[in-house]
There are 2 protein chains.
Amino acid sequence: MARDYGQFCGLAHALDVVGGRWSLLIVRDLLTGPKRFKDLEGGLPGIPTNVLSARLKELEESGVVRRQLLPRPAKGVGYELTDYGRELEEPLVKLGLWGAKSLGPAEEGEPISVDGLALALRGAFRPDAASGLTRTYELVLDRRPLTISVEDGRLSITAEASAADASLATTPALLVELVFGPLRVEDAIAAGQLGVTGSKTEARRFFQIFRLSPEPAGG
Amino acid sequence: MARDYGQFCGLAHALDVVGGRWSLLIVRDLLTGPKRFKDLEGGLPGIPTNVLSARLKELEESGVVRRQLLPRPAKGVGYELTDYGRELEEPLVKLGLWGAKSLGPAEEGEPISVDGLALALRGAFRPDAASGLTRTYELVLDRRPLTISVEDGRLSITAEASAADASLATTPALLVELVFGPLRVEDAIAAGQLGVTGSKTEARRFFQIFRLSPEPAGG
DNA sequence: CTGGATCCCTCACGATACTG
DNA sequence: CAGTATCGTGAGGGATCCAG
């Protein structure tokens, strides 16, 4: 998307920067922390490598993404958001919530993005239910760990393993049902679809903190 | 943008719906009320008519835009946002604020979108400065009127003339300076760049209500 | 094996002319 | 006024190839 809109407007300029195809999904995936080229490619089924490469270059030039050599023991190249890039979190959460309202059930074989779920969790986060609370949860989705830290109403989600107050293991599809659908924690545990390490009370609390609020009006 | 991202994610689906080129700018322009094909074309310099036509059709099919015959005396076709489309306001305001942070000064000859300014005003709105206040302002930018209603912390902006508590007439460029830049109301009035009908006190209050807040952290 | 670059093909988009 | 028709271009899709 080399061609820009050529009008003086914050939104138009935002779209000049991150309006290109795949750009915002790249940012979405980087919101959970630095990633390699290959990780990004894996999280964006269908993206051509040349497009991913071009997007990363554009985003780097516009100060959204920073390219860096990974420290030991990883070794290689990593991409991470700049502070400015991280400020896209709020717009993306809002836009994701908007899109989720007209998002039907997952189709057969349609991949469920783990980073998309991380974004959705940010949208489903209820600061009031978490106020005064400090907890770290580990959420393992298809072997991919997310560390979810809640600190008195503030939230951070990163794609890494960690020692946590409770660890929940399930599939993306099940998590969708638990957070956005009618499935109850007890039933999922009983059915062996949700593995809990740590107290079941903490597991229950997790799904109180992360639950889609009812709409203020319609939806 | 017929091809969709093919992954289960609210954000990805939002981009499937409104991620096509020009789509979000069309929505932006419709946030100030129904518009005709020609009005949209005028507010989006450079958009090909076939693309505008195609986008409107897509947006209509996905329930974002509604096409309707205009009532007398206008006669013709009009486009307006559905309730679902109007829910894009918050994401767009956030995204516009993000883009505005890296938006330099307007270039020579670069058109300043009036609907973009309306979006920016929503972003610059300070509910705390407007709490308990009920006012209607008319803002005339290059002969194009905006009606800005503040009702105890709630805001609505439409592209229409109205009887207001105060009427401000200036240019888009000057408004940018007044709301986002250092230009002071008195100086603009004194220089004859800002025409005020009604009390100057109300004019001053307007620019207290609409002013870009300092960043919470960095920026 | 990671981290891309290169190639070709297609189609979405841009520009313009034209019609109901 | 409100679009449709036509046509050229270049960004994006897909596969392969290359360097460290």
Side-chain angles (χ1 to χ4, degrees), chain A residues 1-7 12 15-27 29-30 34-62 65-80 110-111 159, chain B residues 1-7 12 15-26 29-30 34-62 65-80 111 159:
Chain A
M1 198 138 306
R3 199 174 223 95
D4 74 23
Y5 286 109
Q7 57 179 84
L15 295 173
D16 287 340
V17 174
V18 293
R21 191 154 163 77
W22 297 105
S23 292
L24 285 180
L25 295 186
I26 293 170
V27 173
D29 284 14
L30 291 177
K35 285 197 170 44
R36 300 160 160 273
F37 191 94
K38 208 106 220 197
D39 298 330
L40 289 168
E41 192 184 356
L44 302 169
I47 192 174
T49 60
N50 59 347
V51 172
L52 177 53
S53 179
R55 287 294 175 269
L56 287 170
K57 210 160 295 178
E58 295 166 16
L59 292 173
E60 192 183 351
E61 282 168 9
S62 42
V65 160
R66 184 174 21 242
R67 188 180 195 271
Q68 57 168 17
L69 297 178
L70 290 178
R72 306 162 295 104
K75 203 176 156 195
V77 187
Y79 297 90
E80 64 177 357
E110 185 178 28
Chain B
M1 200 137 307
R3 198 172 221 95
D4 74 25
Y5 287 108
Q7 57 180 86
L15 295 173
D16 287 340
V17 174
V18 292
R21 193 155 162 76
W22 297 105
S23 292
L24 285 180
L25 295 187
I26 293 170
D29 283 15
L30 291 177
K35 284 194 171 44
R36 300 161 160 274
F37 192 92
K38 202 81 202 228
D39 298 329
L40 290 168
E41 193 184 354
L44 301 169
I47 191 174
T49 58
N50 60 346
V51 171
L52 177 53
S53 177
R55 288 293 175 269
L56 287 169
K57 210 160 293 180
E58 295 166 16
L59 292 172
E60 192 183 351
E61 282 167 9
S62 42
V65 161
R66 183 173 22 240
R67 188 179 194 271
Q68 56 169 16
L69 297 178
L70 290 178
R72 303 162 296 103
K75 203 176 157 194
V77 188
Y79 296 90
E80 63 177 359

Would you indicate, yes or no, if C:dG3 has its OP1 or OP2 atom less than 4.0 angstrom from a side-chain nitrogen or oxygen of A:R36?
yes
B:E41 atom CD is separated from C:dA15 atom P, nearest whole Å, by 12 Å
Only one of A:E80, A:E60, A:E61 passes salt bridge (Lys or Arg N to Asp or Glu O under 4.0 Å) with A:R66, and that residue is A:E80
To the nearest angstrom, the CG-C1' distance between A:L25 and D:dG13 comes to 16 Å
Picking from C:dG3, C:dG14, D:dG13, the nucleotide nearest the side-chain atoms of A:V51 would be D:dG13
Rounded to whole Å, the CG-C1' distance (A:L52 to D:dA11) equals 15 Å
Between A:R21 and D:dG13, is there a side-chain N or O to OP1/OP2 distance below 4.0 Å? yes
Per side-chain contact (heavy atoms from CB on, under 4.5 Å), A:L52 is matched among A:Y79, A:W22, A:F37 by A:F37
For this session: May I ask you to establish whether B:R21 and A:Y5 are in a cation-pi arrangement, using a distance under 6.0 Å from NZ or CZ to the six-membered ring centre and at most 45° from the ring axis?
Result: yes
A:T49 (side chain) and C:dA5 (base): donor-acceptor pair under 3.5 Å
yes
To the nearest angstrom, the CH2-C1' distance between A:W22 and D:dG13 comes to 10 Å
Out of D:dG14, D:dG3, C:dG3, minimum distance to the side chain of B:R67 belongs to D:dG3
Within the structure, does a side-chain N or O atom of A:Y5 lie under 4.0 Å from either OP1 or OP2 of C:dC13?
no
query: Is the phosphate of C:dG4, meaning OP1 or OP2, less than 4.0 Å from a side-chain N or O of A:R55?
result: no
Does a nitrogen or oxygen in the side chain of A:K57 sit under 4.0 Å from OP1 or OP2 of C:dA5? yes
Separation of C:dC13 atom C1' from B:E58 atom CD, nearest Å, is 11 Å
B:D39 atom CG is separated from D:dG3 atom P, nearest whole Å, by 12 Å
Distance col, row A:L25:CG vs A:I47:CD1, nearest 0.5 angstrom, shows 8.0 Å
| query | So what does A:S53 touch, heavy atoms closer than 4.0 Å: a base, only the sugar-phosphate, or nothing? | reply | sugar-phosphate
By nearest-nucleotide position on DNA chain D, the 5'-leaning member of B:K38 and B:N50 is B:K38
Salt-bridged, A:E58 to A:R55, with N to O below 4.0 Å? yes
Separation of C:dG4 atom C1' from A:I26 atom CD1, nearest Å, is 14 Å
Rounded to whole Å, the CG-P distance (B:L40 to D:dG3) equals 10 Å
